[in-house]
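Order of appearance sets the numbers: ligands from 1, and atoms from 1 within every ligand. None of these values were measured; they are calculated from a predicted model.
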Amino acid sequence: MKLLEEKIRQEGQALSETVLKVDSFVNHQVDPVLMQQIGHTFAQHYRGKGITKVFTIESSGIAPALTTALELGVPMVILKKQTTKVLNGDVYQTNITSFTKGTSYELTLSAKYIQPDDKILIIDDFLANGEAASGASRLVEEAGASIYGIGILIEKSFQKGRKRLEDAGYDVCSLVRISRLGRDLIEFEEADI
Ligand code: 5GP
């Protein structure tokens, strides 16, 4: 998606060879018009596929997941990051290690918001090692529902996330793919849409 690539060229900051900061339009301040266009682009790709819900992981995936869900005309569900296991209550949980923080959390989904006949689209801001998306997929499958696809805003293709997800049988669609990061360097390669 050229527009997102342009925005990253203008405002993205490579903090290291592995971490890209996009705080001015995705992770801290949010660009609503860009989010609307991202939702439109994902919806064009996923329309007519029988998707019943869009899932995302709090908090940076919420804005693009919401605009995508709005365009597809389906609900959006936020998977919560909780610090502890819920021992009672009707929830699905799985442990995730955060790429950026190095800490772990319990990704949590209330059983109320998923049914076995749901066909889920997962939307997230970044794909690094695939931890977050794999965890989200585990929760969906534990509930007996299916994953239609995984839509990512920014894939860092030098990390192993895509291979991990594709090896597990998931379809990954990235708006932007970054092949290399470094001081004052953000190198792009062709993305999926
Ligand atoms: P993964 O689970 O694929 O290893 O990492 C993806 C998650 O880590 C995303 O949900 C995102 O929040 C965070 N993340 C991974 N890489 C980056 C990055 O370069 N910049 C930012 N801002 N977040 C990242």
Side-chain angles (χ1 to χ4, degrees), residues 1 4-5 7-31 34-35 38-39 42 54-69 76-83 93-109 120-141 147 149-189 191-192:
M1 184 187 179
L4 180 57
E5 186 179 315
K7 191 79 169 171
I8 295 168
R9 282 187 200 279
Q10 287 160 12
E11 296 185 28
Q13 280 176 280
L15 292 188
S16 65
E17 288 178 2
T18 53
V19 178
L20 177 69
K21 194 170 174 180
V22 288
D23 270 15
S24 66
F25 57 101
V26 177
N27 293 135
H28 197 353
Q29 175 170 261
V30 177
D31 181 337
L34 179 65
M35 292 303 149
I38 286 172
F42 274 137
V54 176
F55 275 28
T56 193
I57 298 150
E58 67 174 351
S59 59
S60 299
I62 295 174
L66 180 67
T67 55
T68 305
M76 186 265 287
V77 175
I78 304 163
L79 301 176
K80 307 272 200 175
K81 292 175 179 171
Q82 298 199 328
T83 47
Q93 285 193 306
T94 189
N95 193 268
I96 307 276
T97 302
S98 160
F99 174 79
T100 42
K101 301 192 183 77
T103 51
S104 72
Y105 58 86
E106 296 292 332
L107 195 65
T108 304
L109 164 66
I120 305 295
L121 169 63
I122 295 172
I123 298 283
D124 202 12
D125 59 344
F126 275 92
L127 178 60
N129 293 320
E131 268 286 304
S134 299
S137 308
R138 275 198 299 282
L139 294 182
V140 169
E141 283 174 356
I147 307 278
I150 300 172
I152 299 289
L153 272 57
I154 306 168
E155 173 187 345
K156 291 177 291 174
S157 55
F158 55 89
Q159 293 175 303
K160 58 177 197 273
R162 177 180 286 259
K163 181 167 183 346
R164 179 172 173 187
L165 296 176
E166 287 183 345
D167 284 354
Y170 301 120
D171 180 72
V172 178
C173 172
S174 305
L175 299 182
V176 158
R177 301 183 84 206
I178 292 175
S179 51
R180 221 171 122 211
L181 281 178
R183 187 187 279 269
D184 295 325
L185 174 90
I186 306 175
E187 218 170 75
F188 294 86
E189 64 180 1
D192 297 303

Quiz prompt | Atom pair CZ/CZ of R9 and F188 - distance to nearest 0.5 Å | solution = 5.0 Å
Exercise. Apply the side chain to side chain contact (heavy atoms under 4.5 Å, CB included) test between V176 and each candidate in K7, E5, K156; give the one that qualifies.
Key: E5
Quiz prompt | Close-range residues for ligand 1, whose non-hydrogen atoms fall below the 4.0 Å threshold | solution = T18, V19, L20, N27, F99, T100, D124, D125, F126, L127, A128, N129, G130, E131, A132, K156
Self-check item: R177 and E189 ion-paired at < 4.0 Å
Solution: yes
Quiz item: What distance do I186 atom CD1 and I178 atom CD1 have between them, rounded to the nearest 0.5 Å?
Solution: 6.0 Å
Quiz item: What is the distance from atom CG of L34 to atom CZ of F25, rounded to the nearest 0.5 Å?
Solution: 7.0 Å
Quiz prompt | Interatomic spacing from CD1 in I122 to CG in L165 - rounded to 0.5 Å | solution = 8.5 Å
